[in-house]
Amino acid sequence: MSLRVYNTMSGKKEEFQPLTPGKVGMYVCGVTVYDYCHIGHARANIVFDIIYRYLKFSGFDTTYVRNYTDVDDKIINRANERGIPSKELAEDFIRAFDEDMAALGLAKPTHEPRATEYIDKIIEICRILIDKGLAYASAGDVYYRVDKFDRYLQLSKRNMEEMQAGARITTGEQKENPMDFALWKAAKPNEPLWESPWGAGRPGWHIECSAMSSSLLGDSFDIHGGGRDLIFPHHENEIAQSEGASGKPFAKYWLHNGFVNVNQEKMSKSLGNFFTIRDILQTYDPEVVRFFILTAHYRSPIDFSDQNLADSQTGLSRFYEALQLAEDAVDGITETGIKSSLGAELETRFREAMDDDFNSALAIAHLFEGVRNMNRLCATKKFRKKADLVAQVRDLRATVLRLGEVLGLYNSNPAQWLEKLKFTGLAKLEISAEEIEAQIEARKQARTDKDFARSDEIRDALIERGIELLDSQQGTTWKLK
RNA sequence: GGCCUCGUCGCCAAGUGGUAAGGCAGAGCUCUGCAAAAGCUCCAUCACCAGUUCGAAUCUGGUCGAGGCCUCCA
């Protein structure tokens with residue numbers, strides 16, 4: 001089975017066939033750097049991170065471009081509020097973005113261009129559009145003449161009449177048509193500016209993506225991605241600009257991720273109901289956040305809540321506990337060369353899921369079955385003496401790790417990951433590790449004395465305080481309840 | 001007002017024509033001094049109504065409900 005992707009342009013899943021066999025060019029709209037990223041940004045970036053990883057895993061030579069929009073009204077406003085140059089503000093938030101994405105374990109894109117590095121290209125596109133009659137200069141601004149581009153609104157499936165019927169469109173003084181959008185804006189006081197044939201100014205929003213994508217991927221490329229909220233106007237305008245200027249088809253497949261909701265409502269800056277990535281990482285491990293996001297399909301909305309994150313943490317722990325168990329179970333047993341087909345079977349199911357429009361939720365479900373399989377095998381009587389089972393566990397463990405890598409999951413050391421989780425949780429309880437160890441010692445003595453009443457008393461007291469004891473052959477350990 | 005999504009077990013969540021994945025929670029059992037973990041078993045007919053079909057959660061129409069876009073937004 002080969003890869004199928006849902007294309008917003010056609011509204012359905014299509015067979016994925018790159019323009020050049022074996023190669024993929026992918027452009028994803030990055031962030032406008034004027035504030036810290038919230039969980040919605042985390043989702044978009046994680047989603048395209050796994051799409052990138054899976055394309056490479058599938059053998060495509062993939063070029064992934066994700067930009068920074070570092071010149072924009074909001075950046076300028078925020079910088080002026082703080083009394084610092086907008087370039088400085090942008091730099092600060094680019095750094096913050098990079099830190100957040102690194103924390104979330106994102107692979108670095110092939111290119112991470114900044115809008116301000118492409119001013120020449122932006123001016124060139126404006127000029128071509130004006131020459132073709134698709135744009136016009138007006139009082140130092142340059143606007144796109146949308147009614148000259150007949151494919152306008154094809155992506156968002158609207159029409160001009162209903163758009164104009166909407167009461168919220170305000171007529172710009174300089175525009176021929178209220179629907180026209182700015183390619184270039186004349187500089188106002190306290191704004192960064194660049195010289196252009198239309199006077200000093202700066203790019204409008206949208207044009208930078210056309211400039212960067214064509215510079216790095218060519219006029220036509222395979223995948224263009226971003227959040228749903230970018231479909232209109234951002235992506236619609238990009239198409240108009242890029243295809244208008246080049247005369248060639250722009251992106252072949254349009255992929256859009258769904259929103260992160262809070263209480264069934266879209267999380268957004270304007271609603272003020274957002275949680276920043278840094279805030280969330282105070283409480284949850286970055287991999288838990290990633291796991292949470294990937295247990296839903298990328299196009300579905302997901303509801304962000306403490307409960308959902310906690311559930312994801314439990315689910316991810318199951319993986320690490322199983323990986324730890326498997327590691328211990330086969331430790332020290334010599335390799336026999338016995339073959340196992342379990343890993344290959346798991347990989348087939350994983351690929352089928354991911355090939356179906358990157359269904360990471362289903363892929364993870366398959367991996368959960370791999371976990372159950374591993375646990376079952378390890379729990380078999382005289383497991384260590386059964387070379388075929390040992391080979392199967394080794395195979396499954398290696399496969400879960402390898403496929404997990406494609407999702408950016410399970411790549412921590414299990415023991416360390418579980419330890420970290422334990423001690424992070426412990427910090428919120430009013431009990432120390434030393435005290436727990438002391439209680440374990442006391443209980444051990446009681447058990448040696450066969451004083452089970454005392455032993456159970458200690459256990460129950462700890463449970464009251466949120467600590468659960470685990471007895472095993474190797475002794476007693478503890479975990480958070 | 002226009003356009004577009006979505007509505008699956010207590011919770012999260014796959015499944016878009018062939019008879020409901022997975023996780024969490026829950027019940028029983030095995031294991032355990034007792035527990036925990038792990039394993040095994042059990043646990044939904046898919047908002048509602050009507051239709052198409054041999055057959056529908058999946059297609060069509062309608063009803064109700066939720067959300068999104070139309071303004072900055074991942």
Side-chain angles (χ1 to χ4, degrees), chain A residues 8 11-13 28-32 34-35 37-48 72-74 77 153 156-159 161-170 179 205 225-234 256-261 264-271 274 291-292 295-297 299-303 305 307-316 318-319 321-322 325 349 353 356 359-369 371-381 447 450-453 455-456 459-460 463 468-472 476-479 481:
Chain A
T8 305
K12 51 187 120 166
K13 284 183 196 170
V28 174
C29 291
V31 286
T32 298
Y34 72 104
D35 204 347
C37 289
H38 57 60
I39 182 76
H41 299 108
R43 182 181 196 191
N45 283 287
I46 287 170
V47 160
F48 286 102
D72 166 88
D73 290 353
K74 290 193 294 293
N77 293 339
L153 304 183
S156 54
K157 298 168 180 54
R158 301 156 196 268
N159 65 61
E161 291 69 42
E162 46 190 55
M163 297 290 290
Q164 291 176 339
R168 290 152 121 182
I169 294 170
T170 51
M179 291 294 291
W205 183 43
R228 282 187 99 78
D229 44 1
L230 296 181
I231 295 173
F232 184 88
H234 187 58
H256 294 98
N257 64 274
F259 296 133
V260 175
N261 293 159
Q264 326 286 353
E265 248 185 349
K266 177 186 171 184
M267 179 184 296
S268 77
K269 291 284 173 66
S270 42
L271 289 172
F274 62 91
F291 188 81
F292 164 65
T295 46
H297 184 89
R299 283 189 285 117
S300 310
I302 51 174
D303 211 55
S305 70
Q307 181 61 50
N308 289 162
L309 266 291
D311 283 354
S312 291
Q313 180 167 292
T314 307
L316 182 56
R318 182 168 158 83
F319 276 94
E321 294 196 3
L325 177 70
R349 289 194 295 277
D356 186 12
N359 193 338
S360 56
L362 184 57
I364 288 173
H366 292 321
L367 293 175
F368 264 116
E369 297 196 8
V371 161
R372 188 168 61 219
N373 239 326
M374 269 194 306
N375 284 332
R376 181 190 299 141
L377 291 165
C378 292
T380 307
K381 279 197 167 61
R447 295 178 78 203
K450 302 275 184 217
D451 184 357
F452 294 121
S455 162
D456 290 349
R459 176 202 291 291
D460 294 344
I463 283 179
E468 194 145 50
L469 297 184
L470 312 154
D471 296 329
S472 77
T476 300
T477 55
W478 57 273
K479 62 177 248 180
K481 182 140 170 60

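Sequence lines set the chain letters: A, B, ... in the order given, protein chains first and strands last, and positions in each chain run from 1.
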Does a distance-only test, which skips hydrogens and angles, find a donor-acceptor pair under 3.5 Å between the side chain of [X] and the base of [N]?
| X | N | value |
| --- | --- | --- |
| Arg447(A) | G33(B) | yes |
| Asp73(A) | C72(B) | no |
| Arg459(A) | C34(B) | yes |
| Arg43(A) | A74(B) | no |
| Ser455(A) | G33(B) | yes |
| Asn359(A) | G15(B) | no |

Atom-pair distance ([atom1] on [X]; [atom2] on [N]), nearest Å:
| X | N | atom1 | atom2 | answer |
| --- | --- | --- | --- | --- |
| Asn261(A) | A13(B) | CG | C1' | 15 Å |
| Gln264(A) | U5(B) | CD | C1' | 14 Å |
| Asp311(A) | C9(B) | CG | P | 16 Å |

Nearest to the side chain of [X], which nucleotide is it out of [options]?
| X | options | result |
| --- | --- | --- |
| Phe452(A) | C11(B), G33(B), A37(B) | G33(B) |
| Ala379(A) | A38(B), C34(B), A37(B) | A38(B) |
| Arg372(A) | G23(B), U5(B), A74(B) | G23(B) |
| Val31(A) | A13(B), A74(B), U5(B) | A74(B) |
| Ala361(A) | A74(B), U5(B), A14(B) | A14(B) |
| Phe368(A) | G22(B), A74(B), C24(B) | G22(B) |

Hey, is the side chain of [X] poking within less than 4.0 Å of OP1 or OP2 on [N], counting only N and O atoms?
| X | N | result |
| --- | --- | --- |
| Thr476(A) | A35(B) | no |
| Lys266(A) | C69(B) | yes |
| Arg318(A) | G22(B) | no |
| Asn375(A) | G39(B) | yes |

NZ/NE/NH1/NH2 to OD/OE distance under 4.0 Å, Asp35(A) and Lys74(A):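 Looking at Asp35(A) and Lys74(A), the cut-off is not met.
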